[in-house]
Protein chains: 2
Amino acid sequence: MSKRRISIQDIARRAGVAHTTVSRALRDNPSISPKVREEIKQLAQEMGYVPNGIAQSLQNQRTNTIGVVVTSIADPFFAEVVEGIEKIAQAAGLSVLLSASHQDVEREIAAINNFHRRRVDGIIVADSHISKQHLQQIAEIAVPTVLLNSQTEELAQFQFVSIDNLLGAQLAVEHLIQLKHTAIGYIGVSNRTRSNQQRLEGYRTALIAANLPQNSDWVAISKAEYTTTSDVDTGLQMLSGLINAGVTSIFCYNDMVAIGALLACQKLSISVPQELSLVGFDDIALARYVTPSLTTVRQPMLEMGCCAAQMLLDLLQEKSVENRVLSPFLVAGGSSRQI
Amino acid sequence: MSKRRISIQDIARRAGVAHTTVSRALRDNPSISPKVREEIKQLAQEMGYVPNGIAQSLQNQRTNTIGVVVTSIADPFFAEVVEGIEKIAQAAGLSVLLSASHQDVEREIAAINNFHRRRVDGIIVADSHISKQHLQQIAEIAVPTVLLNSQTEELAQFQFVSIDNLLGAQLAVEHLIQLKHTAIGYIGVSNRTRSNQQRLEGYRTALIAANLPQNSDWVAISKAEYTTTSDVDTGLQMLSGLINAGVTSIFCYNDMVAIGALLACQKLSISVPQELSLVGFDDIALARYVTPSLTTVRQPMLEMGCCAAQMLLDLLQEKSVENRVLSPFLVAGGSSRQI
């Protein structure tokens, strides 16, 4: 298990040169002739030499690695975001390391500090819950950091990429209004404060614009903590309350909540879309695998990941970058229809 | 963005002591009095000092971090496995860093080497595609490494945790035989060589044991490369061939393949389970969200993750460890019924 690591000294001994020669050759130092550099690199490879990344990092300060903090890898939303990040990073020769915060701000801060200590070149934090009050705990973030869909206010220290939640919610509700629905509900989650607030606001804005009634019994916000299945549970638990309050359609915080609502409908023998229309948010792959497929608001997840990674690359090259707010769009599925 | 990092020197200057005193105090060196150690740590915290993890690692050799290589975070199977790994790691005070290989052996090797360079304390590789021929490229793995569901032969260098694929496939096919099916098909994937081979073998063993016919047209192995949606596509594309060959039930390589087959049935207006029974493998959360819910063979994913992480902790403490082959079990859902 613990075979000894080949060292610079081992290579120097084999090559019959000083270890400083080997060390310089491996770092392409021009004081060593190209021919000797090539021979030594060849020998190092044959001997199975792995550079000590930590010592090397101290010298050149770059680790060619970016750190990404997501809330959970069990959330399919992040799978696509990370695919976008990896795509850009790989093309630029950077490795991506992931860490999960589970929506716990202490774990998020620990993950950021850990990446910082490992000297990653840059950090992307998805669905961040850090706010001004936590900035002291993140000590001195001396590396470029990009936030993706921050759940707190936008912080001046960081660049960001986010989705226009207000617009997305309006698109969802306007779609239901076009289908002649007038009793439209909303199922939300309190553990993603900011995006939930913005989607609720978009829902209300669309109702007001169409002169449609609002009813506090048509809005249910789950107080559940974030777990792998909590969004599905939210949909499952909140559905009957809204049905009893007389809604004919529901805009759900995201697709997982909508899938929970769909499962509740199956248990209660409520036909979707004949008796109830459902609209989700995100357009995760899963939205197409359930029956009926979901009408949803697509977040361009891949593009958001690419965008955050490109922003980080630009920051690393000290280019100026601009924050981005991307626009979502409606994807019609089988879960909504005219009343 | 690039506020200067607080250094040991800064703290020393403020405290009016030598920088070696600060450095020793922060590392709890007993040559410094407990009172001074406490005062210096307090000051360091007030000034927002973040230890340089890289330099520190060179001294104490431990980074309290484990590296995990998965094929993709888009695969829901790994979400649960990683949850198990994180659970054990967090309790032991270790951070988990993830990296994705996308079933590309070169990226897998690069991820392992990168973790090695970053000096993680241990590595877990899920669904590994490395075989003896690649061992040279992984140079000198001087850290404990555990393989989880290796796709190649078990390598003497590494400890492993795996699932009994042969047993799982037998359970699936025996379930269909109990439901009086006699024309039973298999849809597999060639990009996970070993587990596919073992599940195919389990399928055949169960048929032989029951004296049931085999038919080469009842077995379809996809040659697709691994992508986020390739398993679903496999199910979608392979279904009609087996239906035309007269099967009344199909055992699928995993749940994603079964979901693809289910979607194909919807397109072709084939009722599941009335006209066709389907059995998956894994029991991902998704298996319960589709209609009908899937009958499947459960891999204890959380337990496998816990088990691999515990094995790694034991290796780090130089305890002796034993390889583990866990047993799957059948979970009856709505997608299978008596013929």
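Letters A, B, ... mirror the listed sequences (proteins, then strands); counts begin at 1. A quick note: this is a predicted structure, and the numbers were derived from the prediction, not measured.
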Between B/I259, B/N114, B/V68, B/V82, which shows the greatest number of heavy-atom pairs under 4.5 Å with chain A?
B/N114
Who among A/N64, A/V70, A/L286, A/D75 has the most heavy-atom pairs with chain B under 4.5 Å?
A/L286
Distance-minimising heavy-atom pair for B/A79 and A/A74
CB-CA, 3.4 Å
Distance col, row B/L97:CG vs A/S95:OG, nearest 0.5 angstrom, shows 11.5 Å
CD of A/Q274: more than 12 outside heavy atoms within 6.0 angstrom?
yes
With the side chain counted from C-beta on, respond yes when B/L262 and A/Y289 share a heavy-atom pair under 4.5 Å apart, and no when they do not.
no
So, the part of A/A110 with a heavy atom under 4.5 Å from chain B: the answer is neither
A/Q317, CD: over 12 other non-hydrogen atoms inside 6.0 angstrom:
yes
Using a 6.0 Å cut-off, check whether atom CD of B/E225 has over 12 heavy atoms from anything other than its own residue.
no
Those residues that, when tested against A/D127, pass side-chain hydrogen bond (donor to acceptor under 3.5 Å, both in side chains) (two or more places apart)
A/Q151
Among B/Q90, B/R288, B/Q266, which residue has the highest count of heavy-atom pairs closer than 4.5 Å to chain A?
B/Q90
Which of B/V290, B/T291, B/T229 touches chain A most, by non-hydrogen pairs under 4.5 Å:
B/T291
With a cut-off of 6.0 Å (strictly less than), are more than 12 heavy atoms of other residues, nucleotides or ligands near NZ of A/K87?
no
Non-hydrogen atoms of chain A under 4.5 Å away: do they reach the side chain of B/A111, the backbone, both or neither?
neither
Nearest 0.5 Å, what's the OG-CD1 distance between B/S72 and A/I73?
8.5 Å
Contact origin within B/E80 toward chain A - heavy atom pairs under 4.5 Å:
neither
